[in-house]
Q: 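Pasting a structure below so you can have a look.
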Amino acid sequence: MELSESVQKGFQMLADRGSFDSNAFTLLLRAAFQSLLDAQADEAVLDHPDLKHIDPVVLKHCHAAAATYILEAGKHRADKSTLSTYLEDCKFDRERIELFCTEYQNNKNSLEILLGSIGRSLPHITDVSWRLEYQIKTNQLHKMHRPAYLVTLSIQNTDSPSYPEISFSCSMEQLQDLVGKLKDASKSLERATQL
Amino acid sequence: MLLELSEEHKEHLAFLPQVDSAVVAEFGRIAVEFLRRGTNPKIYEGAARKLNVSSDTVQHGVEGLTYLLTESSKLMISELDFQDSVFVLGFSEELNKLLLQLYLDNRKEIRTILSELAPSLPSYHNLEWRLDVQLASRSLRQQIKPAVTIKLHLNQNGDHNTRVLQTDPATLLHLVQQLEQALEEMKTNHCRRVVRNIKTTKK
């Protein structure tokens, strides 16, 4: 994990019981996690009355350091011993190391979900809807008498909001072909998970 | 159901008895070829010279024949109705037989060509799939994230295009379940009854 001097400095400040008493430490820590994980978190996350006595520049520095470290740790799936080692190097005492690790453990799942959802991917199929019709005639051709399906795939695209759906028509045979191939894929998936 | 032939149409077709049956058969072949590939005016000129008539006359004859064949195919009229419709033209027995044969021989293909003229959406052609497992990304290491990558081949108006898409295992199962239900629908009593009733409505 590569961490800058700024992060280390921020943590060293956070370790100092003179600047951050127990309450302030816990509040800042929680604020860091909240800013990252809570979709509705706003800038007022550091506006707690128990943090008012601390210099705002220091507060921001420590908050940023904590957030950066949390993200790096989450990205690399750091375990408790890795966390402890780094925090020790930043002069955290035992109690604060424990506090940090507990808070990290509590938020680990949400953190990993958040990080895992960042990134580009192919357009993702989220749903399908279908319509069955019986074609009787067109202005060019009477007495057609055949069933047809209209299938619409709902697509979620990370890049652009364009093309939210793909629609296509198919005959019964074609739909059978499509379903057959999808079933092959899902059987393959089942077999792969049993390996 | 009888075909209604306009006066103009009858005039154009009046050319046919004036040539012998081999020529009419040839016109029939040209008419179907034009339906397949599009018209070629040069053919009219060549035929006009050989028959010693104006190329307009040849064109009208072929077009009249084309229209006769496409309308009959579109409406899917029975042999009897076709014969009755053509009867009003006052052609010879031999010519009538020839026209009927032309109709029956080419009906299926003409209907296929006509079906391509309908408004259409992209239609399904093929599907390829692949199983992938994402192991890491820039923002998160040590992942195991299975996904199914799909290449959907669609046709529209002769153009072939493909879309590459992805889905997760849960959605894949959902897709299979939904589409199997769609297929089952055709076998229900409701659908069977509708199909039966539409088919038996004769005009």
Side-chain angles (χ1 to χ4, degrees), chain A residues 71 74-77 112 114-132 134-145 147-151 153 155 163 166-172 174-186 188-190 192-193, chain B residues 70 73-76 111 114-131 133-134 137-143 145-150 152 154-156 163-169 171-176 178-183 185-186 191 194-195 198-199 203:
Chain A
L71 284 176
K75 175 161 102 180
H76 291 280
R77 308 234 183 199
E112 279 167 13
L114 176 69
L115 290 171
S117 70
I118 299 173
R120 294 281 182 89
S121 69
L122 290 169
H124 194 101
I125 303 176
T126 52
D127 201 0
V128 66
S129 55
W130 54 268
R131 188 178 85 191
L132 170 60
Y134 197 68
Q135 291 173 345
I136 312 176
K137 60 163 76 167
T138 69
N139 64 335
Q140 305 289 357
L141 197 60
H142 293 202
K143 297 197 190 157
M144 286 170 74
H145 300 317
Y149 287 93
L150 177 62
V151 177
L153 297 170
I155 308 282
Y163 301 124
I166 297 181
S167 291
F168 58 90
S169 68
C170 54
S171 67
M172 193 146 177
Q174 288 169 331
L175 187 60
Q176 279 167 342
D177 181 67
L178 171 59
V179 173
K181 295 199 163 108
L182 290 177
K183 275 169 104 161
D184 284 343
S186 71
S188 245
L189 196 57
E190 251 188 76
T193 58
Chain B
T70 52
S73 302
K74 161 175 150 182
L75 299 167
M76 195 71 174
R111 281 179 71 81
L114 289 176
S115 71
E116 288 163 20
L117 293 171
S120 73
L121 289 152
S123 71
Y124 172 78
H125 180 76
N126 194 12
L127 181 122
E128 299 175 77
W129 57 267
R130 186 180 80 190
L131 279 180
V133 178
Q134 180 169 309
S137 69
R138 181 179 170 185
S139 36
L140 187 62
R141 314 282 196 259
Q142 296 171 37
Q143 298 179 41
K145 200 166 166 187
V148 181
T149 305
I150 289 176
L152 183 62
L154 299 174
N155 280 333
Q156 183 164 29
R163 294 291 301 264
V164 181
L165 308 163
Q166 207 169 49
T167 189
D168 54 85
T171 309
L172 178 64
L173 292 175
H174 171 69
L175 295 180
V176 170
Q178 287 295 308
L179 294 176
E180 279 185 319
Q181 271 183 22
L183 284 172
E185 219 23 59
M186 206 47 217
C191 288
V194 169
V195 171
I198 292 180
K199 277 219 166 98
K203 257 189 148 188

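Residue numbering restarts at 1 for every chain, and letters A, B, ... go by the order of the sequence lines.
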Q: Please look at B:L173 and chain A and tell me whether the side chain, the backbone, both or neither of the residue comes under 4.5 angstrom of a heavy atom of that chain.
A: side chain

Q: If you count heavy-atom pairs under 4.5 Å with chain A, which of B:P169, B:S73, B:C191 comes out on top?
A: B:P169

Q: Measure the spacing between NE2 of A:H76 and CG of A:L115 and express it to the nearest 0.5 Å.
A: 10.5 Å

Q: Suppose we screen for side chain to side chain donor-acceptor pair (under 3.5 Å). Which residues come up paired with B:N155, at least two apart in sequence or across chains?
A: B:H125, B:H160

Q: Counting only non-hydrogen atoms closer than 4.5 Å, does A:Q176 touch chain B with its backbone (N, CA, C, O), its side chain (CB onward), both, or neither?
A: both

Q: Need one label for A:I155: side chain, backbone, both or neither, based on atoms under 4.5 Å from any heavy atom in chain B.
A: side chain

Q: Using a cut-off of under 4.5 Å on heavy-atom pairs, state which of B:L114, B:L165, B:L154, B:D168 scores highest against chain A.
A: B:L165

Q: Using a cut-off of under 4.5 Å for heavy-atom pairs, which of A:L122, A:I118, A:L153 has the most such pairs with chain B?
A: A:L122

Q: If I measure from the heavy atoms of chain A, does B:R130 come under 4.5 Å with its side chain, its backbone, both, or neither?
A: neither

Q: Among B:V133, B:L127, B:V176, B:L140, which has the most heavy-atom pairs under 4.5 Å with chain A?
A: B:L140

Q: Could you tell me whether a side-chain N or O of B:K74 sits under 3.5 Å from a main-chain N or O of A:N139, the two making a donor and an acceptor?
A: yes

Q: Which pair of heavy atoms, one from A:K143 and one from A:K137, lies closest together, and at what distance?
A: N-CB, 4.1 Å

Q: Once you round to the nearest 0.5 Å, how far does CD1 of A:I136 lie from CE of A:M144?
A: 10.0 Å

Q: If you count heavy-atom pairs under 4.5 Å between each of B:H174, B:Q178, B:E185, B:R111 and chain A, which one has the most?
A: B:R111

Q: Please state whether the side chain, the backbone, both or neither of B:T149 comes within less than 4.5 Å of a heavy atom of chain A.
A: side chain

Q: In terms of heavy-atom proximity below 4.5 Å to chain B, should A:L178 be classed as side chain, backbone, both, or neither?
A: both

Q: Select one option (side chain, backbone, both, neither) describing which atoms of A:E190 are under 4.5 Å from chain B's heavy atoms.
A: neither

Q: Can you tell me how far the CD atom of A:Q174 sits from the CZ atom of A:F168, to the nearest 0.5 Å?
A: 9.0 Å

Q: Please state whether the side chain, the backbone, both or neither of B:L179 comes within less than 4.5 Å of a heavy atom of chain A.
A: both

Q: Please name all residues satisfying salt bridge (charged side-chain N to carboxylate O under 4.0 Å, His left out) with B:E128, sequence neighbours left out, ordered by chain then number.
A: none

Q: For A:L150, is it the side chain, the backbone, both, or neither that has a heavy atom closer than 4.5 Å to a heavy atom of chain B?
A: side chain

Q: Please classify the contact between A:T193 and chain B as side chain, backbone, both or neither, with a heavy-atom cut-off of under 4.5 Å.
A: neither

Q: Name the option with the most non-hydrogen atom pairs under 4.5 Å to chain A; the candidates are B:L131, B:N126, B:T171.
A: B:L131

Q: Which of the residues A:A192, A:S186, A:C170 is involved in the greatest number of heavy-atom pairs with chain B at under 4.5 angstrom?
A: A:S186

Q: Give, for atom OG1 of B:T167 and atom CG of A:D127, the distance between the pair rounded to the nearest 0.5 Å.
A: 10.0 Å

